[in-house]
Amino acid sequence: MAQMVENVIAHSRLEEGRARMQPRPIALGTLLEECRPDLERRAGVHPLTIETDAVKDIAVLADPAAVGQILVNLIENAAKYAPGPITLRAQVHHRTARLHVRDQGHPSGAMQRSRLPRRTSPLSTARPRLQSRAVSWLKVLVFVALIAAAYLLSRHRATPSMVPQGEVQVGADHELEFRAETVAIPGGRRFHLSSRNGVVDLVLLDAKGAGRFAFGDGRFEQRTAEPGAGFVSDVAAWLDKSTPPRKPGRLATFLFSYVRLGATDGWEANKLFLRFGAREAEVYLNVAPDGKRVRLLEKHQDYAADLLAVLAIAVRDGIPPRRSTSSDKHMASDEPLFARPTSLTAQGRLHDGVWSTTGFVGIIDNRRVVHWASPGAEPTTVGTSIGIVTALAPAPRSTRIAAVVVHPKRDGSYSSEDPTELVIFMPGNEPRTLLRSEVEFKLMSHASVVWSPDGTRLAVSAPGGKKVPRKSHVRVIDARSAEVLQSTEKALDLEPVLWSAKGLTLVRRDFVGADILESHYSWDPEHGVPKKLPALKGVSSPDGRFLVGAEGQGVLVVWGPDGSRRYASQSEEDRAVVSSLSEFPIVWCGPHHVVLGTDDPVVLDLNTLTVRLLFPARAWTLVAASPDGDNVLCLSPDGEAHWGSTKK
């Protein structure tokens with residue numbers, strides 16, 4: 001599991017344009033042979049066949065390290081979740097090199113596409129990422145593989161010097177072409193696209209980024225619904241899908257992101273990332289040299305339904321109205337819980353944060369740890385690191401902060417091979433190192449770190465190093481002397497989640513069918529070994545009054561002082577979020593509020609089973625909430641950090 005969250009980090013860098021790739025011409029057969037030793041090691045006891053004869057002389061433009069990492073992930077996945085032999089086959093089709101990893105499947109259907117988790121903004125997933133290392137990996141792997149496909153572009157049996165720069169090529173039956181009028185605007189281009197039955201206006205702002213991959217923003221600027229309706233119907237016919245039913249809404253500028261992949265024969269290749277709420281899709285968009293033709297490419301059935309749904313919102317129906325007491329019987333009030341957030345004084349970009357017993361602690365510009373004693377107060381700097389700070393853990397009733405610090409070997413990116421250490425930050429003092437990665441204990445950037453109630457010890461988890469790469473064990477460390485006091489067995493594969501007066505609570509996560517099964521253990525580090533706890537039906541609330549679990553069809557079950565009750569939302573987005581609770585940690589806003597939704601989140605009050613809008617407008621993001629739920633740190637739609645408070 002150790003590499004999974006590193007893929008999440010790589011995914012975030014790709015989104016933000018911070019990833020640095022180094023593609024170079026190389027024979028595909030040579031590239032695969034260079035990867036063979038590492039792939040055979042990752043396959044373990046599973047026989048691995050690598051078929052390269054048909055493509056060994058094909059020249060491709062690729063970053064060998066990036067392609068190798070993707071193949072390692074695929075082979076590890078096949079080795080872990082499917083029995084029998086594994087085959088890696090390379091093929092060339094329509095000037096595109098394709099790599100296929102094939103295994104024997106999983107009898108329980110553990111890798112069903114419909115259950116793969118969805119990505120959200122890096123900040124909105126910061127805390128769940130630290131709590132559940134496995135859940136985001138598969139989706140990110142698909143994303144990275146699709147991006148990397150743009151590197152594997154070959155023509156015919158050419159020498160490396162003849163490799164083209166990178167249009168994504170697919171068969172003619174996978175293309176949908178539009179007539180286009182292209183106009184230059186300040187900072188970008190506007191495309192007026194005409195299909196057989198419809199018209200849409202699309203803007204691509206100039207992409208930015210070093211190297212061939214450049215990242216940018218775009219928008220649909222549709223003003224009338226009927227031309228957009230014809231456009232959606234034409235895309236539906238191309239995808240062999242029914243046109244989505246019309247829904248009430250208001251047409252407005254619809255934002256998305258994209259990556260420019262390069263060009264071949266003058267055609268410019270881009271990939272669009274479209275998202276609204278729980279729905280997201282990816283599609284290639286190519287522009288002709290003269291700007292008079294534009295094509296959608298790659299008829300990918302995995303994204304077809306979501307692509308149509310998002311396009312319908314963007315160019316036909318518009319943004320649906322926000323929930324209200326008149327439209328949703330579960331709404332307790334039309335006023336948001338955090339109605340008037342105020343700007344945060346940060347003097348830099350906020351990357352992550354947690355609430356402590358003394359206020360809020362955040363990471364500014366990846367390297368500076370700051371502390372706010374109360375909302376609206378000026379922050380104080382706790383410490384500054386020469387490395388990248390992750391995994392914050394404030395000490396109880398103290399201004400000391402434990403954190404994992406990564407020291408990248410290469411500028412602009414970091415990986416699991418980089419030196420990593422567990423550090424204590426204290427106001428007025430230099431950061432103090434407690435633990436460094438070693439052969440038998442490979443500390444990772446996403447390691448779980450918790451303090452003892454008296455603040456004298458820390459528990460930290462990490463994989464077992466090269467000999468046992470997938471098994472995590474927990475070490476208990478003296479916060480003063482840095483002495484390792486106790487350790488669990490690696491075979492248990494545990495990580496700490498809570499340290500109370502009764503001892504440590506540890507968790508083990510296993511894939512069972514299409515779900516992730518959590519097993520909890522109790523451990524008194526000074527007396528004995530971890531003991532498995534009885535299975536829970538759900539997740540306990542912070543104050544212990546409620547137990548929350550999910551049933552089929554998006555029904556939330558709440559066990560509390562008055563027995564069990566069920567919450568069945570009318571919202572499609574709520575149902576999608578509830579259905580994913582078996583894969584993702586529950587997000588709490590105080591002791592009895594559960595956060596639901598992604599585009600326009602609401603909070604469910606477990607006492608009343610009623611909901612409230614969380615923020616004053618759509619697209620706000622929750623970063624962290626105080627233990628009592630009265631204060632939150634959030635991001636506005638433009639990415640600026642704000643405080644929110646329930647107090648008038």
Side-chain angles (χ1 to χ4, degrees), residues 14-19 21 146-147 149-150 153 164-170 174-225 227-232 234-235 238 251-276 280-298 303 307 310-316 318-319 619 637-639:
L14 285 170
E15 280 192 322
E16 298 173 10
R18 296 185 290 114
M21 300 287 187
L146 289 170
I147 291 295
L153 303 167
Q165 291 187 358
E167 179 194 356
V168 177
Q169 299 284 346
V170 294
H174 285 229
E175 300 173 355
L176 178 62
E177 186 167 299
F178 310 99
R179 297 187 307 276
E181 297 176 13
T182 305
V183 179
I185 62 173
R189 294 163 294 167
R190 176 177 285 108
F191 301 91
H192 186 72
L193 305 181
S194 300
S195 64
R196 178 177 298 178
N197 298 298
V199 176
V200 299
D201 288 305
L202 171 71
V203 170
L204 294 182
L205 301 179
D206 292 338
K208 297 178 176 61
R212 286 196 172 86
F213 280 4
F215 296 80
D217 296 317
R219 60 181 183 261
F220 287 101
E221 294 184 339
Q222 195 70 9
R223 293 178 174 83
T224 54
F231 180 88
V232 172
D234 289 338
V235 175
W238 172 58
L251 279 172
T253 300
F254 187 93
L255 306 178
F256 60 85
S257 60
Y258 78 98
V259 57
R260 182 172 179 177
L261 303 173
T264 296
D265 298 331
W267 277 80
E268 172 193 320
N270 305 281
K271 190 160 196 175
L272 310 186
F273 303 99
L274 308 177
R275 178 178 178 272
F276 186 84
E280 60 180 307
E282 303 170 3
V283 65
Y284 290 107
L285 182 141
N286 281 14
V287 181
D290 59 5
K292 295 182 178 180
R293 289 176 296 159
V294 169
R295 294 172 180 167
L296 294 183
L297 301 173
E298 193 180 65
Y303 291 116
L307 176 61
V310 176
L311 283 177
I313 291 171
V315 303
R316 187 193 67 183
I319 306 297
D638 60 4

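Keep in mind that this is a model prediction, so the values were computed, not measured.
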Any [X] side-chain heavy atom under 4.5 Å of [Y] side chain:
X	Y	result
Leu285	Leu296	yes
Phe273	Val259	yes
Phe256	Leu204	yes
Val235	Leu176	yes
Leu202	Phe178	no
Glu280	Val310	no
Trp267	Arg295	yes

Using every non-hydrogen atom in the two residues, find where [X] and [Y] come nearest and quote the distance to one decimal.
X	Y	result
Arg316	Leu251	N-CD2, 4.0 Å
Arg275	Phe254	O-CZ, 3.5 Å
Phe191	Val294	CD2-CG2, 4.2 Å
Asp234	Arg196	OD2-N, 3.2 Å
Val199	Ser194	CG2-OG, 3.9 Å
Gly291	Thr182	O-OG1, 2.6 Å

### Derivation and outcome, side chain to side chain contact (heavy atoms under 4.5 Å, CB included), residues Asp217 and Leu255
CA-CA 7 Å; Asp217 296 317; Leu255 306 178; over 6 Å; no
### Message
I'd like to know if Glu175 and Arg293 make a salt bridge, using a cut-off of under 4.0 Å between side-chain N and carboxylate O.
### Response
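So Glu175 does not pair with Arg293 through a salt bridge.
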### Under 3.5 Å: donor-acceptor pair, side chain of Tyr258, backbone of Leu205
yes
### Reported OG-to-CD distance for the pair Ser195 and Glu177, which is rounded to 0.5 angstrom
12.0 Å
